[in-house]
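In this chain, numbering begins with 1 at the start of the sequence shown. Here the structure is a predicted model, which is why all the values come from computation and not from measurement. Values reported hereafter were calculated over all heavy atoms of this structure, with side chains retained and with hydrogens, waters and symmetry mates removed. As the structure lists them, so they are numbered: ligands from 1, and atoms in each ligand from 1.
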Amino acid sequence: METHNDEVINFGRSLIVPSVQELAKKPISKIPPRYVRHDNQKHPLISSDDPSIPFVPVIDLHSLFATASESSTYSFELNKLHTAAKEWGFFQVINHGVSESLLEDFKREVLKFFKLPMEEKQKLWQEEDNHEGFGQLFVVSEEQKLDWCDMFYITTLPHNLRQFQLFQKLPPVLREKLEAYSMEIKKLAMAILGEMGKALGMDNEEMTELFDDGVQSIRMNYYPPCPEPELALGFSPHSDADALTILYQLTDTEGLQVRKDGKWVPVKPLPNALVVNIGDIMEIVTNGVYKSIEHRAIVRSNIERLSVATFYSSSMGTELGPARSLVAQHNVANFRRVPLEEYFKGFFARKLDGKSFLDYMKLEELKENVT
Ligand SMILES: O=C(O)CCC(=O)C(=O)O
Ligand SMILES: [Fe+2]
């Protein structure tokens, strides 16, 4: 049930920036300096067809869940999940159970949403003091370089964290599909987290307590064609702050790249697949066994790209830190403990800079002794 509440928590703000989609409609052959990266590094498209490039693991969730219900033994698929989470922090899932028709309907509505006239979008633009809505995140100064991307960000779960006004302003069919998508993706995230907990040897009850009523937010990304794609970036390198991200690549345009052993590896959009990645919260909860991985998005000269990232984090009111059942196993805690709300506020107050915020959470010397 939806409740209108007066105590929506404001996790942060971001400076208001112009729409890149509108900019890209103009007949420009050069991009404004604010989008040209300082490093002047080129950000080339790396084709996933190049045989020397490793392929991000693909996990068949049907097999995983089928073997999971049969026995509690460590199945082949569970081992594959565990290895992918440990060594890649990124994988694709197929046979994930989210209905194809819902994915199609949601995609259609998101595409329409970004094609709305600017006067309509303006009503859903970020406000000075809150970063939900259309705009960009993590913009903290007028000098900062900007991403070649417009995004729409909204907190979806739990219901009492929703910006009721923003939900009310969404086109009704999008809103309906977003609700359904949010629920399906929560179910999927919980199922994957449950399997991960099993693979890690985490206490089941602890896992449920941490994530059952988790915070979910959805970020829709629109990357317009860019006249100088190698000088810009669609999304600066970052790791996600949440526990588990489920990314839906709406178009079959390549653009997402993950950093693996120092190299950028493309994540090829596969039909009916979703991309899953470990976020910083999961790295902390697993006491560092699973790693959140840096990733970025590049842009193209002649083609747009769209994606929807759903971020799933632990529940409000819980403390963020390594799972106690794992600290007991490992005999050491590698991260500090902070209230979840404090963690989020700290994260959103910064410019995106790789995995720098996780370093703040890391305990280098202070090792918590287990009793
Ligand atoms: O567009 C993409 O593929 C990446 C999006 C992403 O990393 C994010 O929204 O956090
Ligand atoms: Fe991300």
Which of the numbered atoms in ligand 1 are under 4.0 angstrom from any heavy atom belonging to Y223? 1 (O), 2 (C), 4 (C), 5 (C)
List the closest protein heavy-atom neighbour of atom 6 (C) of ligand 1: residue, atom name, distance to the nearest 0.1 Å. F235 CE1, 3.5 Å
Ligand 1 N/O within reach of S307 N/O, cut-off under 3.5 Å: yes
In terms of relative ring orientation, are Y35 and W148 parallel, tilted or perpendicular, with 30° and 60° separating the classes? perpendicular
Geometric cation-pi criterion, K121 with F134: 6.0 Å, 45°: yes
If you scan protein heavy atoms around atom 5 (C) of ligand 1, the nearest is N221 ND2, 3.5 Å
Let me see the working for D280 and D242 under side-chain contact (heavy atoms from CB on, under 4.5 Å), right down to the final yes or no. CA-CA 6 Å; D280 295 347; D242 64 339; over 6 Å; no
Taking all heavy atoms of P225 and all of A24, pick out the closest pair and write down the distance. O-CB, 3.7 Å
Partner residues of K30 under the salt bridge (charged side-chain N to carboxylate O under 4.0 Å, His left out) criterion, sequence neighbours left out: E228
Counting only heavy atoms, which portion of H295 has something under 4.0 Å from ligand 1: side chain, backbone, both, or neither? side chain
Is it the side chain (CB and beyond), the backbone, both or neither of T245 that lies under 4.0 Å from ligand 1, heavy atoms counted? neither
Got the closest protein heavy atom to atom 3 (O) of ligand 1, with its distance? R305 NH2, 2.8 Å
Which residues and atoms, counting only protein N, O or S, are under 2.8 Å from the Fe ion (ligand 2)? H238 NE2, D240 OD1, H295 NE2
Does some non-hydrogen atom of Q249 fall short of 4.0 Å from ligand 1? no
For L320 and I281, work out which heavy atoms get closest and say how close. CD1-CG2, 3.7 Å
In terms of the angle between their ring planes, are F114 and Y222 parallel, tilted or perpendicular, with boundaries placed at 30° and 60°? parallel
Atom CD of E304 and atom CD of Q21: how far apart are they, to the nearest 0.5 Å? 7.5 Å
Proximal candidate to atom 10 (O) of ligand 1 [heavy atom criterion; set Q257, R219, H238]: H238
Which of parallel (below 30°), tilted (30 to 60°) and perpendicular (above 60°) describes F152 and F113? perpendicular
I'd like to know if the side chain of T155 reaches the main chain of V215, judged simply by a donor and an acceptor atom lying under 3.5 Å from each other, with no hydrogens or angles considered. no
Checking contacts here: is it the side chain or the backbone of L247 that comes within 4.0 Å of ligand 1, counting heavy atoms only? Could be both or neither. side chain
Say whether R34 and Q144, considering side chains only, have a donor N or O and an acceptor N or O under 3.5 Å apart. no
